[in-house]
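Take a look at the structure below.
In what follows, every heavy atom counts, from backbone to side chain, and hydrogens, waters and symmetry copies are set aside. A, B, ... follow the sequence lines: proteins, then strands. Residue 1 opens every chain.
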Number of protein chains: 2
Amino acid sequence: MAERTPVKGPRRPRATASMADVARLAGVSSQTVSRVSNGYAGVNEETREQVLAAMKELGYRPNSAARALKRGEFRTIGVITFSLSSTGNVRTLEAIATSAAAEGYAVTLLPVAVPTQDEVRGAFSRLEELAVDAVIVIMEVHLLDAATIMLPPYVQVLVVDSDAGEHYTVVDTDQAGGSRTAVEHLLGLGHHTVWHLGGPEDSFAAQRRTDAWRAALAEAGRTPPPLIRGDWSAESGYRAGLELAAQQDCTAVFAANDQMALGLLRALHERGRRVPEDVSVIGFDDIPEAGSFLPPLTTVHQDFAEVGRLCVQAVLRKVRQDDPERGTTLVPTRLVIRESTAPPSSPGR
Amino acid sequence: MAERTPVKGPRRPRATASMADVARLAGVSSQTVSRVSNGYAGVNEETREQVLAAMKELGYRPNSAARALKRGEFRTIGVITFSLSSTGNVRTLEAIATSAAAEGYAVTLLPVAVPTQDEVRGAFSRLEELAVDAVIVIMEVHLLDAATIMLPPYVQVLVVDSDAGEHYTVVDTDQAGGSRTAVEHLLGLGHHTVWHLGGPEDSFAAQRRTDAWRAALAEAGRTPPPLIRGDWSAESGYRAGLELAAQQDCTAVFAANDQMALGLLRALHERGRRVPEDVSVIGFDDIPEAGSFLPPLTTVHQDFAEVGRLCVQAVLRKVRQDDPERGTTLVPTRLVIRESTAPPSSPGR
DNA sequence: ACCCATGATGTTTACGTAAACATCAGCCAC
DNA sequence: GTGGCTGATGTTTACGTAAACATCATGGGT
């Protein structure tokens with residue numbers, strides 16, 4: 001009778017060849033296999049070929065767990081994000097993954113469903129057991145401090161979208177510069193002042209865009225109109241737009257992101273205020289769809305790819321050289337002028 | 001003189017306590033620490049507390065590499081995506097990550113920059129060395145076959161957006177059902193026929209939406225107008241829209257995604273064709289912004305969260321039970337009726 | 001002819017964990 | 001009281017890799 005395999009036995013054996021198997025087949029020691037596998041010099045060409053042949057025949061793949069254990073590093077970066085709802089986060093994540101791959105690092109995703117203290121703490125505590133050498137946090141960090149305490153000390157942390165430059169290394173888009181550009185563009189067209197449709201209070205990015213808007217107006221000697229707040233969504237932009245449409249003296253609006261600008265455009269259209277003839281609208285992000293809005297949206301272009309690239313560079317510098325550097329790196333923006341901005345029909349001042 | 005630390009020594013020692021350290025401090029064997037760490041019963045309450053105290057004092061964290069090596073599994077799922085450009089892929093990915101986390105699995109991201117055979121092959125070969133138990137592929141799979149051959153045999157593969165049901169397990173949105181619903185909605189409003197703005201040729205999702213559109217028209221005894229193709233982008237929708245605006249007999253368009261619908265709306269607006277009075281437009285996906293288009297877009301809602309959840313469930317079933325099942329699971333869609341569709345002003349037929 | 005540097009390869013060991021097996025005290029049944 | 005059973009804990013071992021060290025030819029220099 002044939003030997004039967006256990007029905008509910010523990011785990012079926014990995015059908016994977018190990019170095020020892022390869023070594024046996026090739027008639028060499030497992031150390032020589034290791035040398036070939038890692039591309040060390042000092043292996044006879046003939047021997048190397050034999051080993052390679054044996055690897056191929058057995059379908060040998062190095063076991064990354066054993067490697068990580070031996071090397072003491074995982075070649076993996078963990079990324080914590082508060083959902084992937086915003087285009088910006090996603091594009092940054094994508095750039096991080098791509099850059100990391102180019103450096104031979106993998107990226108492990110740690111989604112935090114709800115941005116509560118508990119949830120963030122939970123993500124970090126899952127992280128503790130996780131196979132990562134470093135962590136990049138893409139989210140507002142005011143919930144972060146309590147959580148990071150729980151991180152193993154060797155894990156490097158890097159943050160996007162934060163004012164935590166003193167405590168962490170931060171890479172981010174130059175929110176202030178971008179906002180200033182937006183405001184100055186509108187003022188330069190002759191608008192008397194610029195209204196602002198801001199993002200949610202708990203976002204540092206939103207906060208900085210709002211601050212810069214105020215500062216740019218103040219510098220030009222204009223009085224900032226009352227701040228209107230949305231939550232990044234197009235829907236909230238629509239609601240805000242209904243308010244703004246009622247303001248007859250409003251000729252220029254700077255929306256803190258493109259989605260809200262989209263909702264804004266819809267509200268203005270519904271209320272019969274033409275863009276850009278009656279009201280100029282400018283956005284932030286330059287999402288791919290922005291050029292297809294009605295009308296095509298003038299907006300501040302963010303270089304997410306660059307942000308992601310810098311994140312990986314910085315965090316790997318930390319991992320590899322134990323670089324203790326703190327501080328903030330800003331990535332410049334670029335104004336993309338389309339058709340939603342124009343001089344006011346009755347110039348201000 | 002103080003002993004100096006090596007300057008360019010190999011890697012600085014992990015400042016992490018091991019089980020042995022904890023065991024020493026607690027005055028027990030490391031096996032007992034292991035038992036406590038893994039929550040086994042059969043440890044004296046008093047002993048357990050001592051061990052826990054020692055763990056806390058030393059800041060002990062289990063080493064996941066050693067664990068993975070011992071257990072023979074990584075508790076990690078790899079996800080291969082062809083960029084994160086499309087909303088659908090991103091939302092699916094997010095749901096996968098969330099579901100996986102709930103099951104105690106991590107998700108490792110494997111972006112493929114360009115969908116060439118070489119790139120895909122490259123991603124898979126990186127994957128070979130990677131610490132994953134299973135792989136979920138979110139991309140068109142006609143490039144897949146050659147690549148999967150290189151996968152270690154124990155890695156389970158699951159595919160989204162594919163017609164590869166015979167070879168792989170597939171989870172996907174019911175593209176055909178959704179498209180049929182869209183077409184029937186428009187026909188039901190009284191439109192004589194429905195034009196279609198399809199996605200790129202190399203996308204199976206696009207292909208299926210197009211096929212279902214044709215089938216639904218055929219079933220209703222209508223002749224399908226010539227197919228117009230875009231590439232998913234709003235810009236391509238705009239270009240297609242300019243063409244369609246010239247077709248005076250076109251009163252209803254089914255766009256294969258919301259972004260193209262957005263561009264379409266802009267083109268129709270520019271050419272003075274009112275939506276929905278002159279032309280009804282329906283999209284696919286129900287992206288968050290769809291309700292803020294001009295006019296708000298009627299569209300086919302996809303349940304990405306459910307797709308992601310099912311992916312994780314299915315792939316874990318394979319991992320845990322070696323479930324060899326093949327075949328396709330379809331997730332139903334839901335029609336969201338907004339303002340971009342209405343009966344034709346001069347009813348057809 | 002001899003020494004030693006050099007290159008090629010083999011042997012030992014350790015990484016941290018957890019399964020398998022071993023030990024040992026206490027206790028109940030007869 | 002003795003045998004065996006149970007529960008609590010310790011000891012051994014193996015997972016696959018790669019650094020450190022050991023071995024052993026070969027060959028050039030003197």
Could you check how far [atom1] of [X] sits from [atom2] of [N], rounded to whole Å?
X	N	atom1	atom2	answer
A:D21	D:dG16	CG	C1'	10 Å
A:F74	C:dC15	CZ	P	15 Å
A:Q50	C:dA8	CD	P	15 Å
B:E45	D:dT9	CD	P	11 Å
A:Y40	D:dT17	OH	C1'	11 Å
B:R71	D:dG16	CZ	C1'	17 Å
B:E73	D:dC15	CD	P	17 Å
B:L69	D:dT13	CG	C1'	13 Å

*asked:* Let's see if you get this right: which residues in residues 25-38 of chain A place a heavy atom under 4.0 Å from DNA chain D?
replied: A:Q31, A:S34, A:N38

*asked:* side chain to side chain contact (heavy atoms under 4.5 Å, CB included) for B:M55 and B:V36? Distances and angles first, verdict last.
replied: CA-CA 10 Å; B:M55 280 180 175; B:V36 172; 4.3 Å; yes

Residues which pass side-chain contact (heavy atoms from CB on, under 4.5 Å) with [X], listed by chain and number, not counting sequence neighbours:
X	value
A:A106	A:T76, B:T108, B:L130
A:V90	A:L84, B:L84, B:V90
B:E45	B:R48, B:E49

*Residues forming a salt bridge (charged side-chain N to carboxylate O under 4.0 Å, His left out) with B:E103, sequence neighbours excluded*: B:R320

_Please enumerate all residues that pass salt bridge (charged side-chain N to carboxylate O under 4.0 Å, His left out) together with B:E306, with sequence neighbours excluded._
B:R309

*Going from OH on B:Y105 to CD1 on B:I96, what distance comes out if it is rounded to the nearest 0.5 angstrom?*
15.0 Å

Run the side chain to side chain donor-acceptor pair (under 3.5 Å) test against [X] and tell me which residues pass, sequence neighbours left out.
X	result
B:S18	B:D21
B:R75	B:E73
A:S37	A:R67
B:R35	none

*asked:* Roughly what angle, to 10°, lies between the helix axis at the start of the helix from C:dA1-D:dT30 to C:dC30-D:dG1 and the one at its end, five pairs per end?
replied: 50°

_Residue mapping more 5' on DNA chain D - nearest nucleotide basis, B:K70 or A:A20_ = B:K70

Just the atom pairs and distances: protein N or O near nucleotides 5-8 of chain D's N or O, under 3.5 Å.
none

